[in-house]
*Asks:* 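Following this message is one structure expressed as C-alpha cells.
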Amino acid sequence: MQLLNLIRSRFTPVLSQWVTDPVALQTTLDRIVASREVALADYQANVAMPLQKVVGKPPMEIAQTILNEVKIDDLCSEVSIAGAGYVNLRLSNAYLAKQLDMAFQSENLGVEGAANPKTYVIDFSSPNVAKPMHVGHIRSTVIGDAISKVLKFLGHTVITDNHIGDWGTQFGMIIYGYKYFRNEEAFAKAQVAELGRLYRVVQRIIGYQSTVSGLAEQEKKLILAEQKVALLEAKQSEAASDKKIAKELKSAQNAVKEQSQAILKSKETIAAVESDTAFKKLCDEHCNLESRVLKETSKLHHGDKENLALWESFLPFCKEEIHGIYKRLNVQFDHEYGESFYHEMLPAVVEDLLSRSLAEPSEGAICVFLEGYEAPMIVQKQDGAFLYSTTDIATAMFREREFGPDASLYVVDHRQSEHFQKLFAVLEKIGLTHTHFKHVSFGTVMGNDGKPFKTRAGDNIGLESMLDEAIARAWEVVCDPERLKKARQELSEEDKREIANIVGIGAIKYADLCHNRTSDYVFDMDKMVALDGNTAAYIQYSYARTRSILQRAVGEGYVNADWGQQPILIDHVAERTLALQILRFEDTLAASMTEYLPNGVTEYLFDLARCFSSFFDQCSVLNAESLEQKQSRLKLTVLAGRILKQGLELLGIETVERM
RNA sequence: GCCCUCGUAGCUCAGUUGGAUAGAGCAACGGAUUUCUAAUCCGUAGGUCCAAGGUUCGAAUCCUUGCGGGGGUGCCA
C-alpha cells in the first residue's frame with residue numbers, strides 16, 4: 001500500500017495548473033506528508049505557502065482552490081484548511097477498512113514494491129579474516145544486512161558481497177607465527193584457536209617493540225610541548241587579553257597532558273612485558289618483527305611457494321571462523337570475493353590508469369591527483385606493492401562487468417569517508433558513470449565514558465563474547481521464574497534457550513539499528529536487554545501477544561472457515577490509530593531507504609507495537625460485543641502481528657511464538 | 001594548517017530533508033490490574049534545540065562567525 005503516492009497523485013492535476021516543470025512539481029508534491037500532529041490530520045499538504053510567489057495569491061486563497069478542485073472524496077472523510085494554509089486530510093474509516101482487508105488477504109501484506117526496481121550491489125561487513133571480529137564489525141554487518149533485506153523486499157535486485165580482507169598483513173603475521181611459534185599439538189586439535197593465538201602473540205610482540213622504539217619520540221614530543229607552553233605563557237603575561245594566545249596555550253597544555261599520559265601508558269606496557277621473562281625473551285629473539293612480517297607478506301604477494309601454500313591451508317580455517325559468527329547472527333551473503341580474488345588484476349589497473357594519464361609517478365609511488373584534495377590517491381607504493389585503493393578500483397570494475405548495478409553501496413565506518421570520496425572521483429574519471437556509488441557511513445560505538453568501546457585494558461571487545469553475554473542477560477530477564485509465573489508461561493528448557501538466544505541477538509542488533517546510522521552511540525548492554533522501552537524485546541513481546549490471542553481465538557471457535565471474509569470494522573480510536581499505522585508500512589520502508597536509514601524502520605515498528613499495546617488494552621478481542629467485532633479485531637491483531645514479524649525479519653531479527 | 005562531522009529534557013537518543021504548540025525511551029511522580037501475557041496501558045513534570053547574527057511567509061534543520069567535542073589528513077585498511 002503506497003498511500004503517499006496515491007494521495008500525491010490526486011493532487012497532481014490541481015498543482016500542475018501552477019507548476020509545469022516536472023522537477024518542481026515533484027518537489028511540490030513531496031510537501032504532502034504524513035501529519036506530525038495526529039490530532040490535526042492524517043496527512044497534510046504544505047503546498048499553498050511556498051506557492052504564493054508562483055501563483056501571486058495569498059496562501060489561504062490557493063488552499064481554497066486546492067480544496068475545491070482536488071478529487072479525493074473516495075479516500076477522505078474530511079479535507080480542510082488550517083493555520084497558515086495547510087490542507088489537512090483525514091482518511092475515511094471505510095477506506096482504511098477496505099485497504100486493511102486487501103493487506104490481510106495479500107501474502108506480502110499489500111506491499112506493491114518499487115515502480116522502477118533497481119539493481120544494487122551492497123558491500124558490507126568486510127572483516128579481515130584471521131583477526132578476531134570485534135564490536136566494530138557489528139555495525140557494518142547489521143546495518144548492511146538490514147538495508148539489503150529491505151531493498152529486496154521492496155522489489156529491487158540486491159547483490160550482497162562480503163569483501164573480506166584475506167590478503168593483508170595479518171597473513172604475514174600468522175605465517176611468521178606459524179613458522180616460529182606454533183604449538184603442533186594445539187594446531188592439530190583446534191586450528192582456528194591456534195591461529196588466533198599466533199596472531200595475538202605476533203601482534204603483542206610488535207606492540208611491545210613499537211612502544212619501546214616510540215618512547216624516545218614521545219619523550220621528545222613532550223619536551224617540545226612543554227617548551228611551547230612556556231613560550232606561550234611568557235607571551236600571555238605580556239598580552240593577557242589576546243584570545244588567540246589563550247586558545248593556543250590551552251591546546252598546548254592539553255598536548256602536554258596527553259603526551260604525559262601516553263608516556264605513562266607506554267611505560268606500563270613495557271614494564272608488563274619485562275616482568276614476563278619468557279615473553280621478553282621472545283621479543284628479543286625476534287627483533288624488528290614488524291619488518292620481518294612485512295617480508296613474509298611480500299613473499300606471499302610475490303608468489304613464494306611456501307607462503308602461498310601456508311596461506312591456502314590457513315584460509316579455510318579463517319573462513320570457517322567468520323562463517324560461525326554469521327551463522328549465529330543469521331546473516332548470509334551472495335558472494336565472498338575477498339581481496340585475494342582481485343590480486344592478479346591490480347597491475348593492469350595501474351597500467352590502465354597510467355596509460356590514460358589519470359595516474360602519474362610521484363615520489364616513487366604511482367598516484368592519482370584529484371582536484372580539491374591535498375593528498376593524492378596512491379595506487380602503487382614505492383616498493384611496488386598495491387594498496388586497498390587499488391583493490392577497491394579493481395573491485396568496482398569487476399562489479400561493473402559482472403553485475404552492472406544501478407547503485408553500489410559501501411557500508412563502512414565514517415572515518416573512511418575521504419577515502420571513498422577519492423575512490424568515487426577516480427571511478428568517475430575511469431568512466432564508471434552508470435553506477436551511483438554511495439558510501440553508507442556509520443558512527444562509532446562508544447563506551448559509557450564517551451570514548452570508543454574498549455575493555456579496561458584498551459583492547460577491542462570480542463564479538464563472540466558480546467553475543468554470549470547478551471544471550472545470558474536475556475535469559476536472566478526473560479526466563480526469570482517470577483516473570484514466567486506471572487505471565488503464566490510454562491516453557492521447556494529448550495524453549496527457554498531458543499527464546500534467550502533470539503531475544504539476546506535481537507537486542508544487540510536492534511540497539512544498533514535504532515540509532516541514526518550516522519551518529520555515534522553509547523553501547524549499554526543493560527539498556528538493550530532491559531526489555532522495556534524502545535527495544536527488540538518489546539516488539540517481540542507484542543508479536544507474541546498477537547499469537548497468543550490468535551491461539552485462544554482458535555480455541556474459542558472464532559476462526560471458522562470464512563472468518564477472513566468478515567470486513568474489518570473501525571469504531572474505537574485505538575482501532576483507527578492501529579489501522580493507519582499498519583497501512584503506513586510500505587511508505588515507511590521506502591522513505592527509510594532514500595538515505596538508507598534503518599532507524600526509520602525500527603521507529604515504525606516501535607510505534608506499531610505501541611499502537612497494538614494500546615489497542616490490546618482498550619479493545620478486547622475475545623470479550624468484544626459481537627462475533628463480527630471479535631473477528632474484525634482478530635483480523636487487526638493478526639495483521640499487526642504479521643507486520644511486526646515481517647518488519648523485524650527485514651532487520652534480521654527473529655521472533656518467537658511465546659515469551 | 002586544511003578537510004569532514006557533531007552539540008536537542010537529568011541520562012540515552014529521534015526529529016519524515018524548511019512546516020502548525022520540538023518528540024520518544026529510561027529515570028521521577030500520580031493513576032489503572034481477581035489480565036485476550038502488567039515485559040502493559042493512561043496521565044503529570046521536565047527545553048535559551050551550544051552562542052550571536054543572517055536568509056525565509058516559516059529555521060533545531062540552510063548561510064556566516066564564534067565556543068566546545070570527535071574523526072581524517074602521501075605509501076595501514
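Below, read A as the first sequence line, B as the second, and so on, with proteins coming before strands; counting in each chain starts at 1.
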*Asks:* When you measure from the side-chain N and O atoms of A:Tyr510 to the phosphate of B:C13, is any distance below 4.0 Å, counting only OP1 and OP2?
*Replies:*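 Checking B:C13 against A:Tyr510, no side-chain N or O comes under 4.0 Å of OP1 or OP2.
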
*Asks:* Mind checking A:Cys619 for me? I need base, sugar-phosphate or nothing, with any heavy atom below 4.0 Å counting as a touch.
*Replies:*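 It contacts base atoms.
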
*Asks:* How is A:Val621 classified with respect to the nucleic acid when contacts are heavy atoms under 4.0 Å: base, sugar-phosphate, or nothing?
*Replies:*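 Since a base atom lies under 4.0 Å of A:Val621, the category is base.
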
*Asks:* Centroid-to-centroid, A:His163 to A:Tyr342, below 6.0 Å?
*Replies:*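 Close enough - the centres of the two rings lie under 6.0 Å apart.
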
*Asks:* Has A:Arg36 got a side-chain N or O lying under 4.0 Å from the OP1 or OP2 atom of B:U21?
*Replies:*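 No, A:Arg36 has no side-chain N/O under 4.0 Å of OP1/OP2 on B:U21.
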
*Asks:* Quick one: A:Leu29 CG to B:U17 P, roughly how many Å, whole number?
*Replies:*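 Answer to the nearest Å: 13 Å.
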
*Asks:* Counting only side-chain nitrogens and oxygens, does A:Asn46 get under 4.0 Å of the OP1 or OP2 atom of B:G58?
*Replies:*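 No, outside the criterion.
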
*Asks:* With heavy atoms under 4.0 Å as the rule, sort A:Ser613 into base, sugar-phosphate or nothing.
*Replies:*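 The answer is sugar-phosphate, as A:Ser613 gets under 4.0 Å only of primed atoms, P, OP1 or OP2.
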
*Asks:* Within the structure shown, what part of the strands sits under 4.0 Å from A:Asn88 by heavy-atom distance: base, sugar-phosphate, or nothing?
*Replies:*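 Base contact.
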
*Asks:* Please check this pair: side chain of A:Gln581 against backbone of A:Thr577, looking for a donor-acceptor N/O pair closer than 3.5 Å.
*Replies:*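 Judged by distance alone, no pair lies under 3.5 Å.
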
*Asks:* Both distances below 3.5 Å, Watson-Crick or wobble geometry, any strand: find the nucleotide opposite B:C13.
*Replies:*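 Pairing partner: B:G23.
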
*Asks:* Take the protein atom CG of A:Asn623 and the nucleotide atom P of B:U33, then report the distance between them rounded to whole Å.
*Replies:*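 Taking CG of A:Asn623 and P of B:U33, I get 16 Å after rounding.
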
*Asks:* Sequence neighbours left out, cut at 3.5 Å: what donor-acceptor pairs do the side chains of residues 44-58 of chain A make with other protein atoms?
*Replies:*
from    : atom 1 : to      : atom 2 : distance (Å)
A:Gln44 : OE1    : A:Ser35 : OG     : 3.1
A:Gln44 : NE2    : A:Asn46 : OD1    : 3.0
A:Gln52 : NE2    : A:Met49 : O      : 3.3

*Asks:* Expressed as a whole number of angstroms, how long is the span from A:Lys630:NZ to B:C36:P?
*Replies:*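 Atom-to-atom, A:Lys630 to B:C36, this comes out as 12 Å.
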
*Asks:* Compare side-chain N and O positions of A:Ser519 against OP1 and OP2 of B:A14 and report whether any pair is under 4.0 Å apart.
*Replies:*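 Yes.
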
*Asks:* Measure from CZ on A:Phe606 to C1' on B:C13 and round the result to the nearest Å.
*Replies:*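 These atoms are roughly 12 Å apart.
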
*Asks:* Which is true for A:Met659 with a 4.0 Å heavy-atom rule: it touches a base, it touches only sugar-phosphate, or it touches nothing?
*Replies:*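 Since a base atom lies under 4.0 Å of A:Met659, the category is base.
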
*Asks:* Starting at the 5' end of nucleotides 68-77 of chain B, put B wherever the base has a protein heavy atom under 4.0 Å, S where only the sugar-phosphate does, and a dash everywhere else.
*Replies:* S--SS-BBSB

*Asks:* Using a cut-off of 4.0 Å on non-hydrogen atoms, how would the nucleic acid contact of A:Lys451 be classed: base, sugar-phosphate, or nothing?
*Replies:*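 Nothing, no nucleic acid heavy atom in range.
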
*Asks:* Just name whichever nucleotide pairs with B:U33, Watson-Crick or G-U, keeping both distances under 3.5 Å, else none.
*Replies:*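 By the stated definition (distances under 3.5 Å), nothing pairs with B:U33.
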
*Asks:* Have a look at A:Gln618 and say if it touches a base, only the backbone sugar-phosphate, or nothing, with a 4.0 Å heavy-atom cut-off.
*Replies:*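 No contact at all - A:Gln618 keeps every heavy atom at 4.0 Å or more from the nucleic acid.
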
*Asks:* In whole Å, what is the span from the CD atom of A:Glu603 to the P atom of B:G23?
*Replies:*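 Distance, rounded to whole Å: 13 Å.
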
*Asks:* Could you state the interatomic distance from CD1 (A:Ile206) to CZ (A:Arg292), rounded to the nearest 0.5 Å?
*Replies:*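 It comes to 11.0 Å.
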
*Asks:* Taking atom C1' of B:C6 as reference, at what distance in whole Å does atom NE2 of A:His515 sit?
*Replies:*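 Answer to the nearest Å: 15 Å.
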
*Asks:* Can you see which heavy atom on A:Leu608 is nearest to which on A:Ala640, and at what distance?
*Replies:*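 Shortest heavy-atom contact: CD2-O, 4.2 Å.
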
*Asks:* For A:Tyr43, does the six-membered ring have the charged nitrogen or CZ of A:Arg584 within the cation-pi criterion, i.e. under 6.0 angstrom from the centroid and within 45° of the normal?
*Replies:*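 Yes, cation above the ring, under 6.0 Å and within 45°.
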
*Asks:* Give none if B:G1 has no partner; otherwise give the nucleotide forming a Watson-Crick or G-U wobble pair with it, both distances under 3.5 Å.
*Replies:*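 B:U73 - that is the nucleotide pairing with B:G1, both distances being under 3.5 Å.
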
*Asks:* Considering heavy-atom distances to RNA chain B, does A:Tyr86 or A:Glu657 have its closest nucleotide positioned more toward the 5' end?
*Replies:*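 Its nearest nucleotide lies further toward 5', so the answer is A:Tyr86.
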
*Asks:* Measuring only the P atom in each nucleotide, how far is B:A59 from B:G53? A whole number of Å is fine.
*Replies:*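 Going atom to atom, P in each nucleotide, I get 14 Å.
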
*Asks:* Less than 6.0 angstrom separating the ring centers of A:Tyr410 and A:Phe424, yes or no?
*Replies:*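 When the ring centroids of A:Tyr410 and A:Phe424 are compared, they turn out to be within the sub-6.0 Å range.
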
*Asks:* In whole angstrom, give me the gap between the P atoms of B:U48 and B:U5.
*Replies:*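 Per the computed distance, 28 Å lies between those P atoms.
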
*Asks:* Indicate, with a heavy-atom threshold strictly under 4.0 Å, whether A:Pro59 touches base, sugar-phosphate, or nothing.
*Replies:*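 Result for A:Pro59 = nothing.
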
*Asks:* Quick one: A:Gln581 CD to B:U16 C1', roughly how many Å, whole number?
*Replies:*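 One finds 13 Å between C1' of B:U16 and CD of A:Gln581, rounded.
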
*Asks:* Give me the distance, rounded to whole Å, that separates B:U40 from B:G25 when you measure between the P atoms they each carry.
*Replies:*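 B:U40 and B:G25 have their P atoms separated by 11 Å.
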
*Asks:* If only side-chain N and O atoms of A:Asn516 are considered, is one of them under 4.0 Å from the OP1 or OP2 phosphate oxygen of B:G15?
*Replies:*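 The answer is yes; a side-chain N or O of A:Asn516 sits under 4.0 Å from OP1 or OP2.
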
*Asks:* Using side-chain heavy atoms (C-beta onward) and a distance below 4.5 Å, is A:Tyr604 in contact with A:Asp607?
*Replies:*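 When only atoms from C-beta onward are counted, A:Asp607 and A:Tyr604 do not touch, as no gap falls below 4.5 Å.
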
*Asks:* Of the candidate nucleotides B:G19, B:C41, B:C57, which contains the atom at the shortest distance from the side chain of A:Gln52?
*Replies:*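 The answer is B:C57.
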
*Asks:* I need the CE-C1' distance between A:Met49 and B:C57, as an integer number of Å.
*Replies:*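 To the nearest whole Å, that distance equals 8 Å.
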
*Asks:* Under 3.5 Å for both donor-acceptor distances, Watson-Crick or wobble: does B:G68 have a partner, and if so which one?
*Replies:*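 In the structure as shown, B:G68 has B:C6 as its Watson-Crick or wobble partner.
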
*Asks:* Does A:Thr594 make a side-chain N or O approach to OP1 or OP2 of B:U17 shorter than 4.0 Å?
*Replies:*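 No.
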
*Asks:* Using a 4.0 Å heavy-atom cut-off across all strands, classify A:Asp607 as base, sugar-phosphate, or nothing.
*Replies:*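 Answer is nothing: A:Asp607 stays at 4.0 Å or more from every strand.
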
*Asks:* On the nucleotide B:U37, are OP1 or OP2 found under 4.0 Å from the side-chain N or O atoms that A:Lys486 carries?
*Replies:*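 The answer is no; no side-chain N or O of A:Lys486 sits under 4.0 Å from OP1 or OP2.
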
*Asks:* For the side chain of A:His439 and the backbone of A:Val411, is there at least one donor-acceptor N/O pair under 3.5 Å apart?
*Replies:*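 No, the answer is negative, given that no donor and acceptor are paired below the 3.5 Å cut-off.
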
*Asks:* Heavy atoms under 4.0 Å, any strand shown: does A:Ala82 hit a base, just sugar-phosphate, or nothing?
*Replies:*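 Base contact - A:Ala82 has a heavy atom under 4.0 Å of at least one base atom.
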
*Asks:* Considering only B:U37, B:C41, B:U56, which nucleotide approaches the side chain of A:Tyr538 most closely?
*Replies:*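 Closest nucleotide to the A:Tyr538 side chain: B:C41.
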
*Asks:* Quick check: on RNA chain B, is the nucleotide nearest A:Tyr43 upstream (toward 5') of the one nearest A:Leu622, or the reverse? Name the residue that is more 5'.
*Replies:*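 First, find each residue's nearest nucleotide; the 5'-ward one identifies A:Tyr43.
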
*Asks:* Could you state the interatomic distance from CG (A:Leu644) to CZ (A:Arg545), rounded to the nearest 0.5 Å?
*Replies:*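 Output value for this atom pair is 11.0 Å.
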
